[in-house]
Each structure stands twice: as C-alpha cells, then as structure tokens.
A.B. asks: 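After the structure tokens below, expect a handful of questions from me.
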Amino acid sequence: MTGEAVDQKSENGSLTKSQTCLPESIGHVLHTQKMLIPPDPPSKSNTPSSSENTTGYNSEEIDAVKYPESTCTSDNSEVDEYIKDKEDDQDALKSKGAEDPEDSPFEVVRSAVSNTDVPDMPSMTFRTHVLGIFFVCLISFVNQFYWERDNPIALNLLIVQLLCYPMGVAMAWGLPKRTWNLFGYKWTMNPGEFTIKEHVLISLMSNASAFMALTVDIFAVLRLYYNPSFPLWAALLLLLSGQMFAYALAGLSRALLVLPAPMIWPSSLINASLFRTFHERQDHNAETTPEHAVPDVTSTPHARQRWQWRWRRGSFSKITRTRFFWVCFICSFVWYFIPGYFLQMLSTVSLLCLVAPNNQLANMIGDGKQGLGVLAFSLDWSVFSNAFLQSPIATPFWAACNLFVGFVLVFWVALPVAYFKNLWGSATLPLYSMDVFTTNGTRYDISKVMRDGVFDSQAYDNYSPLRMSLEFSWVYGIGFAALMSILVHIGIYNGKEIITRLRETKAKHDDIHGKLITSYPSVKAWWYMVLLIASCATGIGVGIGAGIGVPWWGYMLSFAIAIVLVIPVGIIQAISNRQPGLSLVAELLSGVVLQGIPTGYSILKLYGHGSLAQALSYAQDMKLAHYMKIPPRHVMIYQLVGIVVSVIIQTCLFFWLIDRIPDMCRPEGYPWVCRSTNLVYSASIIWNLIGPMKVFGEGSPYSPLLWGFLFGLVLPIPVYYLQRRFPNQTWLQHVYVPVILSGIVGLPPMPSVDFPMWFLFGFVFNFIIHRYWHAWWQKYNFTLSAGLDSGLALSGILQFLALAQNGLKLDWWGNQVDRQCTLSKKPWISP
C-alpha cells in the first residue's frame, strides 16, 4: 500500500511572438493540474466562452488574471465557480450557455474546449513520428534511469508540452516541403504550420510511457529476491501484456467513460486549455511589447500598496521564456555535477549529525535519510522536485500546507513520542526503515519460512513473527484511513453531482464534441476485445511458462479485479477528478486469496492494480483526444507504439543496470538504492508471503491499525460540518482530509529530508513570489521547474555514462554520504 504514494502519479513553459513562448495564462493553467487536489480558482477575468470557442485567448485579457491565495473550497463546486467567475461579464453568452445544442452542456467544458473542428488539419505526420518517438524514448529512459536512484525524478506530460512546441515550430520552419511518392503513397516531411493536433498526438504518445517505472519494480523484485534467473524475455512479455490489457480495458470502457458528455475528466480540461494557449493566439505582436511582457502590477489599489515588492522592468524582465528555460537548464546541468559527483554529501546535509556525531539521539532526530530529518537540508534539486511528491511548483500552496501538516503531525510529533515510549516494542527496531525484521531486530530471512517457493506455517512458528519499523506500520494504518476518507469525501462533497451526471449521461451523450468526432473512423470494439483476450492469454502463458508460481486462477482473479472496478472508479475520477486508493485494494485481495505465494503479489500488483491505474490514465488521454478532435485510430496507433517502445526501453534498461552496477538495490550501491523496489519486496512479504491475517490479525501488535478504516470513515464528516457552519473562515475551507492523510503515506520510501525541502521551495515560489512578484511568477514559475528538471536529468545521465561507467569515481569524505549519521540506523533499545 505504501506504493500508493509512489502511484500518485498522480502526476504535475516558455516561448515569444515567433510562437516560441507560452502566453501569460500558463501559470494558472498549470496551477490546477495536481490530481486529487481541488483547483485554485482565479478572480474574474475575460476568457473565451462557448460562443467564441473557435478564437484564441486575448493576450491582454489573460495578463489581467490574478490568483487569490484564499478562495478555494474543498468541494467540487470550485470548478463551476471558476468558470462562472470568468464569464461573469458575458451575460449574453452565458444565456446561450447550456441551451445551445451546438456546444457542450457544461460550462466548465465550454470554457476550455473549442466547439469546432478542422477535419483536414494534419495530425499524423512525419513530425509527429519523429518527435513522438523521441519523447517516448526520452521520458522512458530518464524516468527508469532515475527511478532506482536515492532521489528519483520523473519527467511528465508538462515537459513534453513545453519542449515539443518549439521543436515542432522549428521543424515546420526548417524541413523541406517537397512531396515524395513512395510506391504510390504521397507524403511530405513538412505539411505546413505545426498544428495543435500534432502537438496533442505527440504528447499523448509520450504520456503513455510516463508512469511505468513502478510496474517494472514488480519484475525487479522477482529478479533480485525470488528468482535470480528470471529472464528478460518473460519480463518484457508480462509487462507488455499488462499494458496492453490496460489499454484494451480503457478502449472497451470508452462508451461509458469517454464518449458521454457528463464524463468530463477535469484534468483533461487543464491540458486542453494549455494546448490552446500555444496555438490559438490572436495578438502575437502584443506579446513582445514591454507593456505586455510585464503586466502593470499597479493596476489595482491592493497592488499599488505593495509596489515596493514588484519586479522591475529591467533587462531581466524582458527575457523570453525560451531563453529563461535554457538559462535554468544550463545552470541545473552544471550545478548537479557538485551534489551528484564532486560533493555528494550536499544532497543531504544533516546539521545535528555534524554537530553531535557521537550522540545517537541527535543522529536519529537529525538524519535526513534514516531519521526524522529535523534541521536537515539539501542543495540538490532532485530532493526538492522528486518522483514521490513531484515538483513543488505544480502544487497550490494551500494543498502543500495540507500535505505538510500531515507530515509534521505524524512524523515530527506523534512518531518520536510513540517510538521513544517503545510502542509495540518499536524502540528495539530502527526508527525509520522500509525493511522487515524479526523480533530480535535482525533482517527477516524469507528462506527460513519458505519451502519449495511457498510459505511454511510450521517454519514460521519456529522462526519469528514479522516486525516493522513504527513509521512503516503507521503508513498502513494511515493508508486504511486515507482510503475510507476519500470515499466518504467524494460521497459528501461530490455525491449529488455524480448522481446528476450519471442521470444526464443518456440525454447528453451526443454533445457537439461527440458529434464532431464521428466524422473520423472509429476504433472497432472487437479490436479492443481481441487485444484484451490476447494480452490475458499471453500473461497466463508467459507467467506459467516462466515459473512464477501463481496458479492460472490467480491471473484470472487479477484480471477480474481490474475489469470490475474500471467503470465505477473511472466514473468517480471522470466526474470528481479524484481516484480512490487502488493499491490497497489489490494488496488486501492478494493477501487473502494468494497468501503464502510471495510472487502472487507481483501478479496482483501488475494486473489488479497497475493495469487498472494505467487503464484510467489511458481513458483520460482518450478524453483529451476526444476534446481536441484527434482521429481515434491515430490515437490508438500512437498510444500503442508508445507503450511498446516504452516497455522495451524501461525493462531492458533496468536489467542492464542490474548487470552493470555492483550492489544494485543495496545500501552499498549508493546512489542506486532502489527505494521503491525494496518497498515492493517488503510489501510482498507482508501481504503475500506471511499474509494480512498474521501481520494485522488478532494477537499481532499491529492489529490496532485496522481502526484506521473507521477513523477515515468518520473524520471527513465533522470537517464538512464545520466548513458549512463557518463558511467565512477561509483557512477552514482549505482543510482537505484525504490530502492531510496522504501527506505521510510516502514515508517510506521517500527520504525524510525531501518533504521539508519540497514544502520550503513551494512556500517561496507559490506563496511569497506568487503574492509579491506575481507577474514574475505568472511568466517564469513553471518554466523554472521544467528547466531545472531537464538540466538535472541530462547531467545525471552524462555523469553515469561518462564518469561512473569508466571507473572515474571520487572516493573522499565529501562523497561518504553514510558517515554523517552513523548511529541513526541503530535501535534505541538493544533487543
């Protein structure tokens, strides 16, 4: 279940007049992109409405948008309020609104999506082939390469959206427009202007490969811990089978999750708005003027009062986003050689350990990796923007506060009190660890409780019950509460809306977008069905042939979990923009049904959870393509190609790394410590080898954690009541129980220093700069994140290939990262 923090995927520019810069609205468009977090609505401004959806955003109007810090509510009504505010001064258009049969019946869709189409606009072109394959390879390689490092990073759809546009424009400018005739098929490298459909198709292709690293972990565990001879071909076919099963499931669900107008998928609207800001510009010339580049921050009395804080219209204020991106890229690229190669201790500096290296209490409190991380800091961008929390810039500040409150209350307050009071005998184990132990504090040896690859109950009784570090066990209890809280939260905040949308599905199935997409050949349902059957058969055949040890009915159960849950969970996500915890459901069922078969965890995780989550991701991408009027068959081709290429790259890369790096996935192999992989290994022992009945059942010290289900069921209700009882208490309206609870479920595997560093960066940029230098924030904030991420990614790969692989390592005290806090791993009380 701790994989749930990693699953989060869910999942978080710069260009100028010559179509190489984003309009000023990118700040707000991306500010609402965090999954499971209500968007931060802007104040009133002028944006295109339904009757003018075919025109571009007015640049000057967009620059007038201001974002209040304290206007967001925790229910889903903020989406409608957002649109109503933006259209407040367009009464004539609003009166047309929902009654217009040639537009969407929903304001939130009318605001973001064009109600027209250009059927002959190129989409599948030479440029999309080249850029699509390039970004699939880039995202797949970088994400898998960094996933196993101590501080993993993840490139996502935003990077592709930002970088793809200038590259596409450059190809449209530089490629020859000659038409070739190849065996009667005429084609050209350059059909003209780089189109929005090309941009979307490239992004969808690369996004199909963005979040597979966790699934690769499943086979990494099989290879490293259960079957060292597990072959590469089996991993390739099983992972490909899982992804194809997920895609077929999404395709078969298209009639219920994609085509109906009430299935809005709010995150797709954010992406649709961003694509339109690239391509639907009316006034290109206005952008390069000083008045446009630097909005007048004294235009309101409130702004004039803080004129002293505004950024000056100097030379820096005129820099384009493209140039700013490359400045950030180069700085990040160069700087990462310091914490990544020359002085690795800068990745985590634990002040208390440096001050009192021989004091165990100071070590345990101050260690930023194996302790509480108090007063620890980092000068490594991969700590600030990591794969567990994503970029701090992508999360609204109020949401970051919810997450950080959960972290502080549990990790810095409750955990040390309970640990040093020896709750459940926890002080005889390390304070913070993702390993599992025996009662005497030694690492659990699974060979002692297994016979012929399965659990031996008698051997278990003779060996030892399983024990976890206190924080590791609490993560499961909090996970139980988080699962129930989000279900209750969706019910009380979004229940009426979900019921209303379901009732409207039949009446509003054929909105204007559904009608326009019918002009393109559809993908036949039987194509998806053939793909589904073939992927299931491949999975069963390869799994049994490779000797994984799971019976055929275990595979069928995994398939059934995904098939049964995809529609109800998809409907909830499509309407509320929130996805209930899926990882815990798969783990519970896996532990009950396949108890004693540790490899069963891998199969249930692959098909029961991984494929289900991926199917919903593919369905959301299909909805984005539906909104942008991309031919469905083109979408299918590009997504399937992206899946195949990504599976090959990520799986082969991981197996290559295992063979090339000594002590891979062990502390001695730093920075290749494989935090997520080791977490999956521990979870397979807890849930499948020993099973939840023994770990959490009667007689276990961890049985009280089951009260988390009741706690999560009840907690959102008083918060809901107080928010309705005191609507004018702004801070109270920002309290979001599922987010507070989810603030701790990533610990482990996340290093403890990551959270405060992530929050600190978010505080500086999404509160201070957002409030006092808003024009700078609006123009450069997200470009900064993209540039730093990209520069770090390339620098780390170059260091590995050019230096580490050639034996050029620096062995000195500045790179001995484990010597800062040598006493933090020891238990407080000797067993």
Side-chain angles (χ1 to χ4, degrees), residues 54 102-104 109 113-133 136 179 181-188 191-192 194-208 243-261 263 265 268 271-272 275 279 505 508-535 570 574 615 617-645:
T54 58
E102 296 305 319
D103 210 334
S104 172
V109 178
V113 183
S114 172
N115 61 347
T116 63
D117 182 31
V118 182
D120 58 351
M121 179 184 291
S123 58
M124 191 165 67
T125 66
F126 175 80
R127 293 187 299 236
T128 57
H129 300 337
V130 174
L131 292 179
I133 293 295
V136 167
T179 300
N181 192 325
L182 183 63
F183 302 109
Y185 175 75
K186 295 183 179 181
W187 67 282
T188 178
F194 184 61
T195 68
I196 189 172
K197 291 190 178 183
E198 290 177 290
H199 196 175
V200 174
L201 202 54
I202 294 167
S203 300
L204 293 180
M205 184 178 185
S206 60
N207 199 45
Q243 297 303 313
M244 291 300 178
F245 172 73
Y247 191 80
L249 202 58
L252 292 172
S253 306
R254 191 168 180 263
L256 294 175
L257 298 182
V258 177
L259 297 180
M263 300 297 106
W265 294 93
S268 295
N271 288 316
F275 282 119
H279 296 270
T505 298
K508 298 181 178 180
H509 185 103
D510 294 325
D511 65 347
I512 184 62
H513 307 295
K515 293 176 181 178
L516 291 174
I517 204 67
T518 57
S519 62
Y520 304 100
S522 63
V523 179
K524 305 298 183 182
W526 68 266
W527 295 3
Y528 292 118
M529 184 59 69
V530 170
L531 187 62
L532 183 78
I533 295 173
S535 60
S617 176
Y618 295 145
Q620 180 167 289
D621 287 348
M622 290 178 181
K623 187 67 176 186
L624 176 60
H626 180 82
Y627 283 142
M628 307 307 292
K629 321 303 183 301
I630 311 297
R633 295 187 180 182
H634 291 184
V635 175
M636 182 180 189
I637 293 171
Y638 274 70
Q639 286 186 311
L640 289 179
V641 172
I643 290 171
V644 173
V645 173

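Starting from 1, each residue takes its place in the sequence as its number. The figures that follow rest on heavy atoms only: side chains count, while hydrogens, waters and symmetry mates do not.
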A.B. asks: So W187 and N181, do their side chains get closer than 4.5 Å, heavy atoms only?
C.D. replies: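 SC-SC contact between N181 and W187 ruled out.
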A.B. asks: How far apart are the C-alpha atoms of V258 and M263, what are their side-chain angles, what is the distance that settles it, and do they pass the side-chain contact (heavy atoms from CB on, under 4.5 Å) test?
C.D. replies: CA-CA 6 Å; V258 177; M263 300 297 106; over 6 Å; no
A.B. asks: Should L131 and F126 count as side-chain neighbours, where that means a heavy-atom distance under 4.5 Å?
C.D. replies: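 When only atoms from C-beta onward are counted, F126 and L131 do not touch, as no gap falls below 4.5 Å.
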A.B. asks: Could you tell me which non-hydrogen atom of G642 sits nearest to which non-hydrogen atom of V136, and how far apart they are?
C.D. replies: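 So the two residues come closest at O-CG1, 3.8 Å.
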A.B. asks: For V530, give me all partners under side-chain contact (heavy atoms from CB on, under 4.5 Å), at least two apart in sequence or on another chain.
C.D. replies: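 side-chain contact (heavy atoms from CB on, under 4.5 Å) check on V530 returns W526.
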A.B. asks: Over all heavy atoms of both residues, which pair between I643 and A208 is shortest? Give the atoms and the distance, please.
C.D. replies: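 In this case the closest contact between I643 and A208 is CG1-CB, 4.1 Å.
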A.B. asks: Quick one: side-chain contact (heavy atoms from CB on, under 4.5 Å) partners of T125, sequence neighbours excluded?
C.D. replies: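 Only P122, R127, T128, P191, E198 meet the side-chain contact (heavy atoms from CB on, under 4.5 Å) criterion with T125.
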A.B. asks: Can you name the side-chain contact (heavy atoms from CB on, under 4.5 Å) partners of I517, sequence neighbours left out?
C.D. replies: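 Here the qualifying residues are Y520, H626, P632.
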A.B. asks: Quick one: are R633 and Y638 in side-chain contact, heavy atoms under 4.5 Å?
C.D. replies: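 The answer is no; the side chains never approach within 4.5 Å.
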A.B. asks: Which heavy atom of A625 sits nearest to which heavy atom of V635, and what is that distance?
C.D. replies: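 Heavy-atom minimum between the residues: CB-CG2, 3.5 Å.
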A.B. asks: Just checking, is any N or O donor in the side chain of Y618 or Q639 under 3.5 Å from an acceptor N or O on the other one?
C.D. replies: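 Looking only at side-chain atoms, Q639 and Y618 do not form any donor-acceptor pair under 3.5 Å.
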A.B. asks: Considering only heavy atoms from C-beta outward, does the side chain of H199 approach that of L204 to under 4.5 Å?
C.D. replies: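 No, their side chains stay 4.5 Å or more apart.
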A.B. asks: Using 0.5 Å steps for rounding, measure from the NZ atom of K623 to the OG atom of S268.
C.D. replies: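 One gets 8.0 Å once the value is rounded to the nearest 0.5 Å.
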A.B. asks: If you round to the nearest 0.5 Å, how far is CE of M205 from CG of L640?
C.D. replies: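 Those atoms lie 10.0 Å apart.
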A.B. asks: Using the test side-chain contact (heavy atoms from CB on, under 4.5 Å), find all partners of L252 that sit at least two apart in sequence or belong to another chain.
C.D. replies: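 Per chain and number, L252 pairs via side-chain contact (heavy atoms from CB on, under 4.5 Å) with Y528, M529, L532.
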A.B. asks: Calculate, to the nearest 0.5 Å, the distance between atoms CG and OG belonging to L259 and S253 respectively.
C.D. replies: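 Rounded to the nearest 0.5 Å, the CG-OG separation comes to 11.0 Å.
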A.B. asks: Tell me, do V118 and K629 make a side-chain contact under 4.5 Å, heavy atoms counted?
C.D. replies: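 The answer is no, as the side chains (C-beta and beyond) never meet within the 4.5 Å cut-off.
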A.B. asks: In Å, rounded to the nearest 0.5 Å, how long is the span from CG of N207 to CG of L624?
C.D. replies: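 The CG atom of L624 is 9.0 Å from CG of N207, to the nearest 0.5 Å.
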A.B. asks: Looking at side-chain heavy atoms only, is the closest gap between Y247 and S535 below 4.5 Å?
C.D. replies: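 They are not in side-chain contact.
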A.B. asks: Enter the distance from I630:CD1 to M622:CE here, rounded to the nearest 0.5 Å.
C.D. replies: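 So the CD1 of I630 and the CE of M622 are separated by 13.5 Å.
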A.B. asks: According to salt bridge (Lys or Arg N to Asp or Glu O under 4.0 Å), who are the partners of K197, at least two apart in sequence or on a separate chain?
C.D. replies: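 In terms of salt bridge (Lys or Arg N to Asp or Glu O under 4.0 Å), with neighbours along the sequence ignored, K197 is linked to D117.
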A.B. asks: Taking all non-hydrogen atoms of both residues into account, name the closest pair between S114 and H513 and its distance.
C.D. replies: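 That closest heavy-atom pairing would be O-CE1, 3.1 Å.
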A.B. asks: Drop me the distance from S522's OG to R254's CZ, to the nearest 0.5 angstrom.
C.D. replies: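 Here the rounded value is 7.5 Å.
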A.B. asks: Using atom types as modelled and distance alone, determine if a side-chain donor or acceptor of W265 lies under 3.5 Å from a backbone N or O of L257.
C.D. replies: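 Pair found, side chain donor or acceptor close to backbone of L257.
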A.B. asks: Could you tell me which non-hydrogen atom of A250 sits nearest to which non-hydrogen atom of A619, and how far apart they are?
C.D. replies: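 Closest approach of A250 to A619: CB-N, 3.9 Å.
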